[in-house]
Number of protein chains: 2
Amino acid sequence: MFSKTCEYALRATIFIAQKTKEGERIGIKEIAKGIDSPEHFIAKILQDLSRKGIVQSAKGPNGGFYLDKASMKQSIADIVKAVDGDKVFQGCGLGLKQCSETEPCPIHHEFKRIRKQLFVMLDKSKVGAFTEALENSLTFLKR
Amino acid sequence: MFSKTCEYALRATIFIAQKTKEGERIGIKEIAKGIDSPEHFIAKILQDLSRKGIVQSAKGPNGGFYLDKASMKQSIADIVKAVDGDKVFQGCGLGLKQCSETEPCPIHHEFKRIRKQLFVMLDKSKVGAFTEALENSLTFLKR
DNA sequence: ATAATAAAAGATAAATTAGTCTTTTATTAT
DNA sequence: ATAATAAAAGACTAATTTATCTTTTATTAT
């Protein structure tokens with residue numbers, strides 16, 4: 001559904017949200033461990049997320065990644081859009097560029113309905129909302 | 001959502017279904033034109049679809065691709081599975097391999113619901129069912 | 001049998017995505 | 001000021017996906 005980069009981005013951001021709520025800034029190494037991702041790769045991704053304002057970062061001792069209030073309220077959909085673009089929310093299921101209401105592909109209408117539901121679901125899911133379940137080991141970000 | 005290969009495979013199969021209903025076998029060149037895909041690439045893809053029994057083919061003069069009765073009843077979901085595997089119907093939204101009912105990722109349950117709906121929709125969509133709308137230019141397979 | 005046709009097969013190339021490693025810059029505590 | 005820390009930046013490699021081109025095999029009509 002999403003690119004690997006996007007999957008790592010989502011896991012990392014949720015992980016950072018959790019740590020932020022615990023009052024910590026968190027370094028790349030711990031993030032990589034915490035979400036079971038290649039360290040250097042997640043570093044690249046976080047660099048990009050930081051540039052885009054999806055996560056916040058501080059250099060130097062006591063530095064690391066964290067989320068400010070606005071970032072905490074972001075939705076999964078926001079992150080997906082920022083990383084993979086909105087192809088998954090907008091694009092034609094059969095890959096047609098011109099596919100639209102007036103020139104629909106054979107599955108356009110049904111597909112649109114599903115995509116809409118996907119978007120609504122991901123848009124409702126706010127990054128800051130997963131902390132409690134993670135703390136209580138009801139949900140996981142590894143393996 | 002799907003790979004390019006899969007998108008072309010779906011368009012090609014629906015196109016072949018239409019031609020089959022018109023009583024024609026159809027060659028690679030016409031298919032490529034009919035679905036606006038690179039000719040050599042769709043040739044490769046059809047070769048694979050043919051091996052998998054998703055489309056039927058005949059070599060030599062008057063040869064070409066067509067669908068037998070069973071293939072005509074296949075669903076979009078069947079083709080997606082054959083080409084992209086069932087990652088899109090089964091896989092974790094955050095890319096976790098172990099994600100399951102007992103070890104769910106933070107969005108597991110909601111995601112599952114959407115994926116289910118996607119599957120049901122694509123499973124209901126039978127390859128042979130799109131012909132009429134295509135004939136009447138109510139739907140399209142190009143651009 | 002032969003020539004023409006059309007898919008199958010195979011080999012290669014280009015583009016994109018995923019992943020790694022090294023160097024630089026900014027920040028902090030001493 | 002200096003050393004330590006940690007992210008940012010940049011350069012590179014590997015793998016996968018997408019795409020192209022050539023040769024072979026099967027079939028049909030003459």
Side-chain angles (χ1 to χ4, degrees), chain A residues 1-13 15-16 19-20 24-67 80 83-85 87-88 94-95 97, chain B residues 1-13 15-16 19-20 24-67 80 83-85 87-88 94-95 97:
Chain A
M1 189 83 74
F2 311 132
S3 68
K4 285 243 139 206
T5 298
C6 188
E7 290 173 351
Y8 289 137
L10 292 170
R11 305 221 298 270
T13 307
F15 186 74
I16 295 168
K19 295 300 170 189
T20 297
E24 300 176 37
R25 284 177 182 175
I26 182 87
I28 285 172
K29 274 176 200 163
E30 291 111 308
I31 295 172
K33 275 181 206 156
I35 67 170
D36 195 40
S37 74
E39 187 183 317
H40 287 107
F41 193 29
I42 196 63
K44 270 281 137 206
I45 294 167
L46 285 168
Q47 199 178 306
D48 182 53
L49 294 180
S50 172
R51 239 182 280 119
K52 287 173 174 162
I54 290 168
V55 304
Q56 283 63 52
S57 69
K59 285 183 176 183
N62 308 321
F65 294 88
Y66 62 99
L67 299 190
V80 170
V83 178
D84 280 353
K87 208 201 153 226
V88 72
L94 304 187
K97 288 179 200 87
Chain B
M1 189 83 76
F2 312 131
S3 69
K4 283 240 140 205
T5 298
C6 187
E7 290 173 351
Y8 289 138
L10 292 171
R11 304 220 300 268
T13 307
F15 186 74
I16 295 167
K19 295 301 169 187
T20 297
E24 301 175 37
R25 284 178 181 174
I26 182 88
I28 285 171
K29 274 176 203 165
E30 291 110 309
I31 294 172
K33 275 180 207 158
I35 68 168
D36 196 40
S37 74
E39 188 183 318
H40 287 106
F41 193 30
I42 197 63
K44 268 285 136 205
I45 294 168
L46 285 167
Q47 198 178 303
D48 182 54
L49 294 180
S50 171
R51 240 182 279 119
K52 288 173 173 161
I54 290 168
V55 304
Q56 283 63 51
S57 70
K59 285 184 177 181
N62 307 322
F65 294 89
Y66 61 98
L67 298 190
V80 170
V83 178
D84 280 352
K87 209 203 154 224
V88 72
L94 304 187
K97 288 178 199 85

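Labels below follow one simple rule: chain letters A, B, ... track the order of the sequence lines, proteins then strands, and each chain is numbered from 1. What you see below is based on every heavy atom in this structure, not just the backbone, and it leaves out hydrogens, waters and symmetry mates.
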**Q.** Nearest-nucleotide 5' precedence on DNA chain C, A/Lys44 against A/Gly60
**A.**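 It is A/Lys44 whose nearest nucleotide is closer to the 5' end.
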Out of [options], which has the shortest distance to the side chain of [X]?
X: A/Ser50; options: D/dT28, C/dA7, D/dA8; result: D/dA8
X: A/Phe41; options: C/dT20, D/dT28, D/dA19; result: C/dT20
X: A/Lys59; options: D/dA6, C/dA7, C/dT20; result: D/dA6
X: B/Ser3; options: D/dA4, C/dG19, D/dT18; result: D/dT18
X: A/His40; options: C/dT20, C/dA11, C/dA8; result: C/dT20
X: B/Pro61; options: D/dA8, D/dT28, C/dG19; result: D/dT28
X: A/Thr5; options: D/dT5, C/dA18, D/dA19; result: C/dA18

Spacing of [X] atom [atom1] relative to [N] atom [atom2], expressed in whole Å:
X: B/Asp36; N: D/dT18; atom1: CG; atom2: C1'; answer: 16 Å
X: A/Asn62; N: D/dA7; atom1: CG; atom2: C1'; answer: 14 Å
X: A/Glu39; N: D/dA6; atom1: CD; atom2: C1'; answer: 11 Å
X: B/Ile28; N: C/dT5; atom1: CD1; atom2: P; answer: 16 Å
X: B/Ile35; N: D/dA19; atom1: CD1; atom2: C1'; answer: 14 Å
X: A/Lys29; N: C/dC21; atom1: NZ; atom2: P; answer: 13 Å
X: A/Tyr66; N: D/dA6; atom1: OH; atom2: P; answer: 15 Å
X: A/Arg25; N: D/dA7; atom1: CZ; atom2: P; answer: 10 Å

Q.
By the salt bridge (Lys or Arg N to Asp or Glu O under 4.0 Å) test, which pairs, at least two apart or in different chains, include something from residues 29-41 of chain A?
A.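 Of all non-adjacent pairs touching residues 29-41 of chain A, those that pass salt bridge (Lys or Arg N to Asp or Glu O under 4.0 Å) are A/Asp36-A/Arg143.
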Report which part of the nucleic acid [X] touches: base, sugar-phosphate, or nothing (heavy-atom distance under 4.0 Å, all strands).
X: A/Ile42; result: nothing
X: A/Ile45; result: nothing
X: A/Ala58; result: sugar-phosphate

Q. Looking at B/Tyr8, does any N or O in its side chain come under 4.0 Å of the phosphate oxygens OP1/OP2 on D/dT18?
A.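 For D/dT18, OP1/OP2 do not have a side-chain N/O of B/Tyr8 under 4.0 Å.
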Q. Would you say C/dA6 has OP1 or OP2 under 4.0 Å from some side-chain N or O of B/Ser57?
A.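 Indeed not, no polar side-chain atom of B/Ser57 lies that close.
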Q) With both distances under 3.5 Å as the test, what is the Watson-Crick or G-U wobble partner of C/dT22? A)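 Across all strands, the one nucleotide that pairs with C/dT22 is D/dA9.
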Q) Who is the Watson-Crick or G-U wobble partner of D/dA1, with both distances under 3.5 Å? A)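 Pair assignment: D/dA1 / C/dT30.
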Q: Mind listing the closest non-hydrogen atom pair of A/Tyr66 and A/Thr20 along with its distance?
A: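 Heavy atoms of A/Tyr66 and A/Thr20 come nearest at CA-OG1, 3.4 Å.
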Q. So B/Arg51 and B/Gln47, side-chain contact (heavy atoms from CB on, under 4.5 Å) or not? Walk me through it.
A. CA-CA 6 Å; B/Arg51 240 182 279 119; B/Gln47 198 178 303; 3.3 Å; yes
Q. Quick one: does B/Asp84's side chain have a donor or acceptor within less than 3.5 Å of a partner on B/Phe2's backbone?
A.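 It does not hold such a pair.
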Q. Under the 3.5 angstrom rule, does the side chain of B/Ser37 hit a backbone N or O of B/Ile42 as a donor-acceptor pair?
A.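 No.
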**Q.** Comparing A/Arg51 and A/Gly63 on DNA chain D - which has the more 5′ nearest nucleotide
**A.**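 Looking at the nearest nucleotide for each, A/Gly63 comes out on the 5' side.
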(Q) With side-chain contact (heavy atoms from CB on, under 4.5 Å) as the test, pick out the partner of A/Thr13 among A/Val83, A/Ile54, A/Leu46. (A)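 The residue from A/Val83, A/Ile54, A/Leu46 that satisfies side-chain contact (heavy atoms from CB on, under 4.5 Å) with A/Thr13 turns out to be A/Ile54.
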